[in-house]
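A short write-up of the structure that comes next.
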Amino acid sequence: MNRNEFENALMSTIVEYISDQIVLKYMDACRQAAVLFSGAFIGYADAVESLKELKKEGWKLTVVLSRAASEVLTEERIKNDIEPESIYVEGAPINGRQIVDDNQFVVIPELTVNTVAKVANCISDNLLTNMIFRAMATGKPVIAAIDGCCPDNEVRAKMGFKVTEAYKAKMRSNLEDVQSYGIHLTTAANLSRKVNKVYRAGFDFPAPDSDSKSASAKSEQAAKTSCGCRTSGTDASVKLDKKVIGRVDIAKNARYQTIIVRRDALVTGLANDEASNRGIAIVRE
């Protein structure tokens, strides 16, 4: 690498570092979620652990309790278990619309049979359903744990859940409907991972045209999780013929398991961190 190439590489690295710092600060500011408790108790312990994990990662949580949730779980218990930034209980003066607008995500740790049925049928007649519809209308991601409303939940079966198969089929249909509306479904134990996955997806950069054409030629591999969500498959490897590899380059090629770079390429620290976080191997020729 001659002097001119070195100076260009150095300048590219400096520009990328400054850009990445701005992006990282913006990403941190987006770790804000309105957490809606609707009253289900199944999965509560797992949901609490997931929410605690989000708190450790820097998420700011604003909790809203429905009337049913405030009776089953109590405001004091939620405060002790989760330590949210703030907590509101249905019945007191609450501007649910403003809470949704002030946060970047809506998280429902324990979706109830009643709430999912209302959302599936476009019924918005209480605080929580109004907030859910506000999030959907404004494009805010909604992530919900289905432990409390899934007819096939093992805990529910052990509690003596003996409705007919037709009723169970309707419950499954409601879940399929809300998922088709764009609501991300998961389990309480997987809630923090799902929230972070949706969060990170919002900052992925589109692949270059050449890569997009190549990707479209390949069949999409997907697997269904227990909650019915689909996870896209990944391609094996891609080669980047660049002298400087930055974080943006890793994000653009996040679907690959391995990124091959030139022997003399300069890989920035942020690029290495991005690859490590995504489980991507960077290999030199």
Side-chain angles (χ1 to χ4, degrees), residues 1 9 12-13 15-28 30-31 46 49-50 53-54 56-59 104-105 107 141 143 145 179 182-285:
M1 182 181 292
S12 296
T13 302
V15 170
E16 183 193 359
Y17 176 80
I18 294 173
S19 299
D20 281 348
Q21 291 304 308
I22 294 173
V23 171
L24 289 173
K25 286 185 178 180
Y26 174 69
M27 290 176 70
D28 286 338
C30 288
R31 287 193 179 95
D46 288 333
E49 292 305 312
S50 287
E53 188 64 31
L54 291 175
K56 289 179 183 178
E57 295 168 358
W59 282 80
Q104 301 302 316
F105 293 80
V107 176
I143 304 96
Q179 188 172 35
I183 294 177
H184 303 272
L185 303 182
T186 186
T187 60
N190 194 54
L191 185 61
S192 62
R193 290 187 291 273
K194 188 69 171 182
V195 170
N196 279 317
K197 181 178 180 180
V198 175
Y199 162 76
R200 287 192 297 268
F203 294 96
D204 281 350
F205 293 86
D209 292 340
S210 59
D211 288 345
S212 297
K213 292 176 182 178
S214 174
S216 63
K218 299 179 180 180
S219 60
E220 181 185 7
Q221 298 178 351
K224 270 197 173 183
T225 66
S226 60
C227 65
C229 302
R230 301 185 69 83
T231 305
S232 298
T234 56
D235 297 321
S237 64
V238 64
K239 180 180 177 181
L240 301 183
D241 189 18
K242 298 181 64 177
K243 293 180 180 179
V244 179
I245 306 298
R247 187 192 64 82
V248 173
D249 298 305
I250 304 300
K252 283 182 178 180
N253 296 279
R255 69 177 179 275
Y256 295 101
Q257 297 173 338
T258 303
I259 295 178
I260 303 170
V261 302
R262 294 167 43 162
R263 185 178 297 275
D264 62 345
L266 172 63
V267 181
T268 67
L270 289 172
N272 279 318
D273 290 342
E274 184 76 13
S276 177
N277 290 337
R278 294 176 180 273
I280 298 172
I282 298 178
V283 178
R284 293 186 183 275
E285 289 184 310

Results of salt bridge (Lys or Arg N to Asp or Glu O under 4.0 Å) for Arg193 - residues two or more places apart only:
none

Go through the steps to decide whether Ile282 and Ile250 satisfy the test side chain to side chain contact (heavy atoms under 4.5 Å, CB included), and finish with yes or no.
CA-CA 9 Å; Ile282 298 178; Ile250 304 300; 4.0 Å; yes

Rounded to the nearest 0.5 Å, how far apart are CZ of Arg278 and OH of Tyr256?
14.0 Å

Side-chain (Asp249) to main-chain (Gly246) donor-acceptor, under 3.5 angstrom:
yes

Between CD1 on residue Ile280 and CG on residue Asn272, distance to nearest 0.5 Å
11.5 Å

Hey, does Leu191 have a side-chain heavy atom less than 4.5 Å from the side chain of Glu53?
no

Just wondering, do Thr187 and Asp46 contact through their side chains at under 4.5 Å, heavy atoms?
no

Verify, without hydrogens or angle tests, whether Arg284 (side chain) and Arg263 (backbone) share a donor-acceptor contact under 3.5 angstrom.
yes

Would you confirm whether Ser50, through its side chain, and Ala188, through its main-chain N or O, come within 3.5 Å as a donor-acceptor pair?
yes

Here the pair of heavy atoms bringing Tyr199 nearest to Phe105 is CA-CZ, 3.6 Å

Calculate, to the nearest 0.5 Å, the distance between atoms OG1 and CD belonging to Thr186 and Gln179 respectively.
10.5 Å

Would you indicate whether the side-chain heavy atoms of Arg262 and Asp241 approach each other to under 4.5 Å?
yes

So, taking the atom named CD in Glu274 and the one named CZ in Arg200, what distance separates them when rounded to the nearest 0.5 Å?
9.0 Å

Going by the rule side chain to side chain donor-acceptor pair (under 3.5 Å), which residues pair with Glu57 if we only count those two or more places apart in sequence or in a different chain?
Asn196

How many angstroms lie between OG in Ser237 and CG in Asn253, if you round to the nearest 0.5 Å?
10.5 Å

